Amino acid sequence: MSKILVTGGTGYIGSHTLVDLIESGFEVISIDNYINSDAKPLESIKEITGKEVKNYVVDLCDEEALHDVFKENTDISGIIHFAALKSVGDSVADPVLYFRNNVVGLINLIECTLKYKIENFIFSSSCTVYGNTETLPVTESTPEQEAESPYGRTKQIGEKMLKDAFNNSQTKCIALRYFNPAGAHKSNKLGESPVNKALNLVPVVTETAIGKRDNMTVFGNDYDTRDGSCIRDYIHVMDLADAHTKAIKFLLDKKQSENFDTYNLGIGNGVSVLEAINAFEKVSGQKLNYTLGKRREGDVIAIYADYNKAKSNLNWTPQYGIEDIMDTAWRWEQARSK
Ligand code: WQD
């Protein structure tokens with residue numbers, strides 16, 4: 001049974017991926033210092049899978065503590081690296097925090113990967129590496145534009161460091177470029193639990209619907225789109241978790257020849273903000289209290305993925321759409337608000 005080290009294992013996508021890895025027969029350990037999470041997801045993972053996941057409360061910027069994890073676990077077959085800060089707005093407010101946490105942490109992890117000869121590495125990347133692109137849908141060879149935020153820049157730098165560091169090494173690496181992750185586990189026991197105030201659309205919708213917020217604002221309905229609101233590619237977190245398991249299997253099965261490669265993880269459907277809200281109202285049976293407001297700085301008008309490379313190489317096909325996202329997110333919001 002291969003042992004996989006998941007960094008950021010108590011985070012939103014990390015915790016869902018731990019469940020999928022366990023259910024696929026992998027042994028797992030986690031590193032997470034709870035900078036943007038807590039230990040609760042570990043209890044949920046135990047409830048869902050019956051397995052205790054050992055989490056090392058270690059900051060990836062603490063080199064000595066990180067090396068100790070690798071000295072204690074000499075049988076790691078692969079690493080899936082989620083641990084990073086990911087708020088676009090926060091990164092604009094404090095770029096140096098983002099460079100230290102996301103880039104220095106990655107450098108330390110790369111050094112451990114090479115020193116302890118870990119042969120398989122999955123990097124949590126993002127569609128923000130494309131910046132404000134005109135060509136849609138986006139493919140992996142769509143040229144990158146200037147990153148829209150320090151957060152996006154840490155993902156661009158991260159991919160380039162991994163490509164250079166693993167070149168001519170024994171390590172094979174895949175960068176998975178997420179579009180808009182959303183939704184919750186079908187068990188209602190795991191979901192997005194932002195430690196700080198939610199900023200992303202789907203948790204803002206469910207917090208408004210349950211009454212944690214009086215209302216929400218649609219950031220602009222005067223864009224050049226079919227209904228004037230921005231278009232995104234919302235991907236269910238369970239589809240994302242499945243893609244990570246398939247990607248690590250792809251590497252473990254020695255199917256990748258290059259040292260570094262990238263895959264888009266979106267479902268290829270562009271959904272507008274107003275369409276997402278309509279989907280919520282349909283699955284929840286309740287009207288949402290929102291107002292049409294002005295545009296949010298930094299928003300791209302539209303972005304959605306071509307995921308055919310993941311479909312053909314990783315044998316990955318997304319199973320869920322925006323209504324499943326809203327349905328699971330709404331049930332999770334109700335469960336966690338009890
Ligand atoms: C989606 C749409 C908003 C809140 C971010 C990161 C990206 C990735 C996914 C990690 C936009 C609109 C939102 C609200 C609104 N994260 N909106 N009212 O900005 O597309 O992407 O999350 O990889 O890196 O940038 O996500 O959910 O904030 O916004 O109208 O209260 O919803 O304007 O059009 P975004 P989002």
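Note that this is a predicted model, so its numbers are computed, not measured. What you see below is based on every heavy atom in this structure, not just the backbone, and it leaves out hydrogens, waters and symmetry mates. Ligands are counted one by one from 1 in listed order, and the atoms in each one are counted from 1 as well.
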ring-ring contact (aromatic ring centres under 6.0 Å, His included) partners of Y116, counting only residues at least two apart: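 So Y116 forms a ring-ring contact (aromatic ring centres under 6.0 Å, His included) with H67, F70.
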Could you measure the distance from the CG atom of D324 to the CD atom of Q319? Nearest 0.5 Å is fine.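 Separation between the atoms: 10.0 Å.
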For N315, does the CG atom sit with more than 12 other heavy atoms under 6.0 Å from it, leaving out its own atoms?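 No - once you tally the heavy atoms of other residues, nucleotides and ligands closer than 6.0 Å, there are 12 at most.
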Which residues share a side-chain contact (heavy atoms from CB on, under 4.5 Å) with A165, sequence neighbours left out: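 Applying side-chain contact (heavy atoms from CB on, under 4.5 Å) to A165 gives I110.
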T154: which residues meet the side-chain contact (heavy atoms from CB on, under 4.5 Å) condition with it, sequence neighbours left out?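 If we apply the side-chain contact (heavy atoms from CB on, under 4.5 Å) test to T154, skipping adjacent residues, the hits are Y98, F99, N102, V103, Y151.
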Using a threshold of 4.0 angstrom between heavy atoms of the protein and any atom of ligand 1, which residues qualify?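 Those residues closer than 4.0 Å to ligand 1 by some heavy atom are V88, S126, T128, Y151, F179, N180, L199, N200, L201, V204, M216, T217, V218, F219, C230, R232, Y234, V273, R296, D299.
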So, are D222 and K294 salt-bridged, with charged N and O less than 4.0 Å apart?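 Looking at D222 and K294, the cut-off is not met.
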